[in-house]
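This is the structure I want to talk about, given as structure tokens.
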2 protein chains.
Amino acid sequence: MASLRAAAWLRAPTTNAPRALEFLRTQRSYSSVAAAKASGSSMEQSFFPNEPSGPVVKTSIPGPESQKAIAKLDKVFETRSLNMLANYQKSVGNYIADLDGNVLLDVYAQIASIPVGYNNAALRAAAQSEEMVTALINRPALGNFPSHDWAGILETGILKVAPKGLNQVFTAMAGSDANETAYKAAFMYRRQQERGGPDVEYSAEDLATSMTNHAPGSPNLSIMSFKSAFHGRLFGSLSTTRSKPIHKIDIPAFDWPQATFPALKYPLEDHVEENAKIEAEALADVERILTTYHNPPAAVVVEPIQSEGGDNHASPAFFRGLRALTKKHNVLLIVDEVQTGVGATGKFWAHEYWNLETPPDMVTFSKKAQTAGYYYGNPALRPNKPYRQFNTWMGDPARAILFRAIINEVERLDLVANAAAVGDYLFTNLESLAKKYPGEFQNLRGKGQGTFIAFDNPHRDEFLKKAKAVGINIGGCGESAVRLRPMLIFQKHHADILLDGIEKIIKA
Amino acid sequence: MASLRAAAWLRAPTTNAPRALEFLRTQRSYSSVAAAKASGSSMEQSFFPNEPSGPVVKTSIPGPESQKAIAKLDKVFETRSLNMLANYQKSVGNYIADLDGNVLLDVYAQIASIPVGYNNAALRAAAQSEEMVTALINRPALGNFPSHDWAGILETGILKVAPKGLNQVFTAMAGSDANETAYKAAFMYRRQQERGGPDVEYSAEDLATSMTNHAPGSPNLSIMSFKSAFHGRLFGSLSTTRSKPIHKIDIPAFDWPQATFPALKYPLEDHVEENAKIEAEALADVERILTTYHNPPAAVVVEPIQSEGGDNHASPAFFRGLRALTKKHNVLLIVDEVQTGVGATGKFWAHEYWNLETPPDMVTFSKKAQTAGYYYGNPALRPNKPYRQFNTWMGDPARAILFRAIINEVERLDLVANAAAVGDYLFTNLESLAKKYPGEFQNLRGKGQGTFIAFDNPHRDEFLKKAKAVGINIGGCGESAVRLRPMLIFQKHHADILLDGIEKIIKA
């Protein structure tokens, strides 16, 4: 590994060389992206003309200015989970800044939710548009009083990137309510089938018992999820979340079932037969639950890659098997793409890798979309009466307008292909590092999955802390995983900085 | 009742007189608000200089242009609950416009969620500010990477209007998750007390069972709510919602208890003794549930005025009794001010009318705040460990900045006092109308509660439909209530238009 790929590595941008470099970059237009891609990484053109040429670490983090501000914030807001107090005005592209002059390469990206960089110029233009201002100050109750241009905003934005076969959307606010409204749709659909169709009226008993929270009106149905899954933290979504006790303890939960998620062995190519067996056993566990659980599942919810739970992967064959089982047992399949969606895996939606014969019944999204909701295709998933799936805001047109700008930016810069290419480059180089420091990289995973890469490290928490000192903001997941969640504008020259940084952390 | 208070009533603004009036209004500054208030209603100065002088109804609603647009929207979005397709670019102040040139006086205001008028100039300035643009395009994970100015945004905004005794906030996205995160805080607090304090570690059994959704880790505790209550539509909040079967049917719910909410008789002054007895019985029901329900309540959640459930009121004495009972039985009191909060009742928070000796434990907000969350004061309600109350976004700084602008506008124009004064005027005139048409106004309620007024009408649904034809957008709640939810900028001259309109509807 070249150790000086980034000239300004750990050097303050007040020196002349990086300044000149920055100036040159600022002068470049966005037009020759493809040419830059074709060139070597050292010559690579940045998507962000005014991005710094490398991280700058001036103080320990938090530095003195940040410490003062954190003490002030602590009086009114939870700060024990605070990772870094950010100065977003000074953050740019892949780099997050703080109050003490530190500027870190950010491969955590607000828990995988910043798609196209801090202070992206195209997003700024969208935020300053008259359309955005109107949406911000005249927020509609979308179910009752949608704006005359809402269909257009959906069609040129959220629905433009709808997964294949799913041409409708119910909009929501964040990942948790996106999943919960999808669950609600699944329960309504299931009970409608049991009643004999959309035109069969509810029974008097259904109506009466729904008001006392008892069956059959409030049915003893369930959503099946997987061990180590994360689907959110409100009461319904938390009942399907199985990541860590700290997420769940002391909160009442529904008696819903969890199936075993395959625990693959790495490297995959050395464990083909064994992994196939592990996946077959997991599918058998799914079928057992679908057919025997005392609160019958109306749907299965699954992440393409279990993210919060430790970046646990399964093969396309496993997911095709899951689709087949849900079809066989008339249970809906909800794919939770809150973290995997919007390009980072090298496909816009991670489930595209599965080559399903029939699409999932619902796909949920949030995070990098900067808005949320669920896609669906089957018209029967629209509840049979109005006001069944409803709330005051039902999302936020302002955030939908921002997602449209993100989609345009992804297309303009071909960022899904970028994530795939840079991910491959990063993975190959991580493999080399893993050979050099075998104890430090266990279960390196995410090959061919864009930049959605993780590995286990025996001193994970220490690893993450040390990262800041070498100018990198990086996150963990599960018990011992370091997860890489760079933005879609992460390029080879950023990967080089990251690789050097990781080596420095290991050596430190 | 004067029948021609509003000169331009149902007259298109293309005639000369209203045009001239509009021009004059546009020329006025905002500065002499107090003087205008002191003057008679016909001379009253509008808070919105460019507001039309009255509604304009050009077509049946939806008109031909709206019908075309609705058909287009229906292909991708639920439209059966659609009330009116709005043109927000052309809406102004208290008036909502559509694509067919209709402009209605809006006393529904996006289900009570628009505080200071469509296209408010002060909100526009906030939406165009650099601070807003930065917040929109660099959305932080607030629990991990708050911006350096987040404390300031909270202190000059959300916390500036914190209810007495509640100096901290957990920010959320909308009413449902505001309530659910408050419920979560209540459960954590209760279990912490049962364990013996914040420093007592979780047992191995707690940790293990939390992961399988079983007690004691996922405890069989409950939230007590009231019959006819509405607290949201996600799984936890829906378990406390008791409004209508259509909101609840087919959705699994927790076995949580509901207490009787007092059903007061009107007019209140004629039923003093009887109502006192009704409230005493309701409190007895509360105490019975708090002491005997098989899933013990960790908290009681209550709306100051049950809004969705039919605008059901109770006296300050009832709420003081409820506070006393929750104290006595060591149960938290959560006041859901999602619909009542932010001024419309003539107090900023409706529970200020109760004169409690000790504040509620938590107060939730959303709607007119345009952001959401819960206030609390007791430091023990901050969970004992980080990451227990956490999610990726934890609200939205962009919407918090908008709330700050709303608060400033409320203060500048003294809008809480305005709601109190206009509400009194409106109520007095509705009493007169009720005497004239006794069958049409049953249980007129909301006296001394600002503009938060409702009455029952025997042909309610027909009433609401007819309202559009006379230029008024108005909503219902409960089984037969017409609910008035004007914005805080609703003035006497708007009240006159509304009163005339109501009389026209009744006569029609």
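By convention in this document, chain letters (A, B, ...) are assigned in the order of the sequence lines, proteins followed by strands, and residues within each chain are numbered from 1.
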Separation of Glu155(A) CD from Leu73(B) CG (nearest 0.5 Å): 8.5 Å
Side chain / backbone / both / neither for Asn384(B) at chain A, heavy atoms under 4.5 Å: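 For Asn384(B), the contact with chain A is made by the backbone alone.
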Max heavy-atom pair count under 4.5 Å with chain A, selected residue of Pro140(B), Ala151(B), Ala69(B):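 The residue among Pro140(B), Ala151(B), Ala69(B) with the greatest pair count is Pro140(B).
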When Val338(B), Leu238(B), Leu99(B) are compared by non-hydrogen pairs under 4.5 Å with chain A, the top option: Leu99(B)
Which atoms of Asp149(A) approach chain B - backbone, side chain, both or neither, heavy atom under 4.5 Å: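 Side chain only.
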Part of Glu180(B) lying under 4.5 Å from any heavy atom of chain A: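 For Glu180(B), backbone and side chain are both near chain A.
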Taking every non-hydrogen atom, the tightest pair across Ser81(B) and Tyr387(A):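 Closest pair (atom of Ser81(B), atom of Tyr387(A), distance): O-OH, 3.6 Å.
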No-hydrogen, no-angle side-chain donor-acceptor test under 3.5 Å, Asn167(A) and Lys75(B): no
Segment of Asp396(B) engaging chain A (4.5 angstrom heavy-atom cut-off):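 For Asp396(B), the side chain is the part near chain A, not the backbone.
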Interface residue of largest heavy-atom contact number with chain A, from Arg233(B), Gln370(B), Gln168(B), under 4.5 Å: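 Most heavy-atom pairs under 4.5 Å with chain A: Arg233(B).
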When Ser237(A), Ala174(A), Ala86(A), Ser366(A) are compared by non-hydrogen pairs under 4.5 Å with chain B, the top option: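 Ranked by heavy-atom pairs under 4.5 Å with chain B, first place is Ala86(A).
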Contact winner vs chain B - Phe170(A), Tyr183(A), Trp393(A), heavy-atom pairs under 4.5 Å: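 Looking at each of Phe170(A), Tyr183(A), Trp393(A) in turn, Trp393(A) comes out on top.
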Reported OG-to-CG distance for the pair Ser176(A) and Asp177(B), which is rounded to 0.5 angstrom: 8.0 Å
Heavy-atom pair count under 4.5 Å with chain A, highest-scoring of Gly475(B), Ala135(B), Ser218(B), Ser243(B):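 The residue among Gly475(B), Ala135(B), Ser218(B), Ser243(B) with the greatest pair count is Ser218(B).
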Pick from Pro383(B), Ala109(B), Ala398(B), Pro257(B) with the largest number of heavy-atom pairs that fall under 4.5 Å of chain A: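 With the most close heavy-atom pairs to chain A, the winner is Pro383(B).
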Single hit among Arg190(A), Lys184(A), Arg388(A), Gln192(A) for side chain to side chain donor-acceptor pair (under 3.5 Å) with Asp250(B):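 Per the side chain to side chain donor-acceptor pair (under 3.5 Å) rule, the option paired with Asp250(B) is Arg388(A), out of Arg190(A), Lys184(A), Arg388(A), Gln192(A).
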Under 4.5 Å from a heavy atom of chain B, the part of Ala208(A) involved: neither
Proximity breakdown for Ile249(B) and chain A, heavy-atom pairs closer than 4.5 Å: both
Proximity breakdown for Ser113(B) and chain A, heavy-atom pairs closer than 4.5 Å: side chain
Under 4.5 Å from any heavy atom of chain B - which part of Ile70(A):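 No part of Ile70(A) comes within 4.5 Å of chain B.
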Considering all heavy atoms, the nearest Gln110(A)-Thr392(B) contact: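 Nearest pair, atom of Gln110(A) first, then Thr392(B): O-CG2, 3.9 Å.
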Any donor-acceptor pair under 3.5 Å from Gln258(A) side chain to Met211(B) backbone: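 Yes: the side chain of Gln258(A) pairs with the backbone of Met211(B).
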Closest-packed option against chain A by number of heavy-atom pairs under 4.5 Å, given Glu78(B), Glu131(B), Arg382(B):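 Top count of heavy-atom pairs under 4.5 Å with chain A: Arg382(B).
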Geometric class of the Phe254(B)/Phe254(A) ring pair [parallel <30°, tilted 30-60°, perpendicular >60°]: parallel
Chain B contacts, top residue of Gln389(A), Gln128(A), Glu130(A) (heavy-atom pairs, under 4.5 Å): Glu130(A)
Residue pair Asn144(B), Ile111(A): steps toward the side-chain contact (heavy atoms from CB on, under 4.5 Å) verdict: CA-CA 9 Å; Asn144(B) 281 166; Ile111(A) 320 179; 3.4 Å; yes
Inter-residue atom distance Asn119(A).CG - Asn138(B).CG, 0.5 Å rounding: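 It comes to 4.0 Å.
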Interchain contact, Lys367(A) with chain B, by part (heavy-atom threshold 4.5 Å): both
Over all atoms of both residues, closest heavy-atom pair of Ile114(A) and Arg139(B):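 Smallest interatomic distance, heavy atoms only, reads CD1-O, 3.6 Å.
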Interface moiety of Asp98(B) toward chain A, non-hydrogen atoms closer than 4.5 Å: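 Neither part; nothing is under 4.5 Å.
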Geometric class of the Trp256(A)/Phe235(B) ring pair [parallel <30°, tilted 30-60°, perpendicular >60°]: perpendicular
Residue Glu65(A) versus chain B: region with a heavy atom under 4.5 Å: neither
Heavy-atom proximity to chain B below 4.5 Å, by part of Leu82(A):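 Its backbone and side chain both get close to chain B.
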Gap between atom NE2 of His148(B) and atom CE of Met84(A) - 0.5 Å precision: 12.5 Å
Within-4.5 Å side-chain heavy-atom neighbours: Ile137(B) and Leu402(A):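 Yes. Closest side-chain heavy atoms under 4.5 Å.
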Contact class of Leu159(B) relative to chain A, heavy atoms under 4.5 angstrom: side chain
Where His214(A) and Asp255(B) come nearest, the two heavy atoms and their spacing: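 Closest approach of His214(A) to Asp255(B): NE2-OD1, 3.5 Å.
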Contact summary for Asn213(A) and Ser239(B), nearest pair of heavy atoms: ND2-O, 2.9 Å
Spacing of Trp150(B) atom CH2 and Leu85(A) atom CG [to the nearest 0.5 Å]: 12.5 Å
Trace of the side-chain contact (heavy atoms from CB on, under 4.5 Å) decision for Phe77(B) with Leu142(A): CA-CA 10 Å; Phe77(B) 199 73; Leu142(A) 277 172; 4.3 Å; yes
Interchain contact, Asn220(B) with chain A, by part (heavy-atom threshold 4.5 Å):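 For Asn220(B), neither part sits under 4.5 Å from chain A.
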Shortest non-hydrogen separation from Arg399(B) to Leu136(A) and the atoms involved: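 Closest heavy-atom pair between Arg399(B) and Leu136(A): NH1-O, 2.9 Å.
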Under 3.5 Å: donor-acceptor pair, side chain of Arg191(A), backbone of Ile251(B): no
Interatomic spacing from CD1 in Ile246(B) to CG in Leu207(A) - rounded to 0.5 Å: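 That separation rounds to 8.5 Å.
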